[in-house]
Amino acid sequence: FDYHDVKTFVTGNTTLTSVIPKGYMLKTIVIENTTANAFTLNVGSSTSGGTDVVNGAVISASGLTTITINKTFSMSADQTLYLQSANWNSSSSNIYLTMERI
């Protein structure tokens, strides 16, 4: 993989502004849940609360969850992602994004 980004200690709804560089494919999102509290994750690319990237992924307690995406958003503009959950369940997670240049 050519590129990755990390967001640490995510405990609530989070906006990752311009996190996917133009001309890159988002390959995976890896969630390292550092607490014993499972939760459900949605990820949108156009609006807060969207589910077009990830819809209802169950994030296991005290472990790693890998979500395969394989999506290119744009060749001309960076992409923002919106991480959302209706109930973060007092969890804390590190979010890893792996990307590949197209």
May I have all residue pairs that pass ring-ring contact (aromatic ring centres under 6.0 Å, His included) and include part of residues 32-56, sequence neighbours excluded?
F39-W88
Here the pair of heavy atoms bringing A57 nearest to V54 is CB-CG1, 3.6 Å
Contacts table for residues 76-87: side-chain donor-acceptor under 3.5 angstrom, sequence neighbours left out:
{"unit_1": "S76", "atom_1": "OG", "unit_2": "S74", "atom_2": "OG", "d": "3.4"}
{"unit_1": "D78", "atom_1": "OD1", "unit_2": "K22", "atom_2": "N", "d": "2.8"}
{"unit_1": "Q79", "atom_1": "NE2", "unit_2": "S45", "atom_2": "O", "d": "2.6"}
{"unit_1": "T80", "atom_1": "OG1", "unit_2": "S18", "atom_2": "N", "d": "2.9"}
{"unit_1": "Q84", "atom_1": "OE1", "unit_2": "G49", "atom_2": "N", "d": "3.3"}
{"unit_1": "Q84", "atom_1": "NE2", "unit_2": "S48", "atom_2": "OG", "d": "3.2"}
{"unit_1": "S85", "atom_1": "OG", "unit_2": "T40", "atom_2": "O", "d": "2.6"}
{"unit_1": "S85", "atom_1": "OG", "unit_2": "N87", "atom_2": "N", "d": "3.2"}
{"unit_1": "S85", "atom_1": "OG", "unit_2": "N87", "atom_2": "O", "d": "3.1"}
{"unit_1": "N87", "atom_1": "OD1", "unit_2": "N89", "atom_2": "N", "d": "2.8"}

By salt bridge (charged side-chain N to carboxylate O under 4.0 Å, His left out), K71 pairs with (sequence neighbours left out) D52
Are L26 and Y96 connected into the same hydrophobic cluster when the rule is that any two of I, L, V, M, F, W, Y join if their side-chain heavy atoms are below 4.5 Å apart?
no
Exercise: identify the closest heavy-atom pair between A61 and N33:
CA-ND2, 3.8 Å
Going from CD1 on I95 to CG on L16, what distance comes out if it is rounded to the nearest 0.5 angstrom?
8.0 Å
Is it the case that one hydrophobic cluster holds both V53 and V19, taking links as side-chain heavy atoms less than 4.5 Å apart, direct or via other members?
yes
Just to verify, what does N94 make a side chain to side chain donor-acceptor pair (under 3.5 Å) with, not counting sequence neighbours?
E32
Checking S62 now: which residues fulfil side chain to side chain donor-acceptor pair (under 3.5 Å) with it, not counting sequence neighbours?
none
Could you give the distance from CG (N37) to OG (S60), rounded to the nearest 0.5 Å?
12.0 Å
Nearest 0.5 Å please: distance from the OG1 atom of T28 over to the NE2 atom of H4.
11.0 Å
Through direct or indirect side-chain contacts below 4.5 angstrom among Ile, Leu, Val, Met, Phe, Trp and Tyr, which residues connect to M75?
M25, I102
Would a single hydrophobic cluster contain both V30 and M99, if residues Ile, Leu, Val, Met, Phe, Trp and Tyr are joined by side-chain heavy-atom contacts under 4.5 Å?
no
For E100 and K27, the nearest pair of non-hydrogen atoms, with its separation, is OE1-CE, 3.7 Å
If you compare all heavy atoms of V58 against all heavy atoms of T65, which two are closest, and at what distance to 0.1 Å?
O-CG2, 3.9 Å
For the residue pair V43 and I29, establish whether any side-chain heavy-atom pair is separated by less than 4.5 Å.
yes
So how far is it from I67 CD1 to L97 CG, rounded to the nearest 0.5 Å?
10.5 Å
What distance separates R101 CZ from T72 OG1, expressed to the nearest 0.5 Å?
12.0 Å
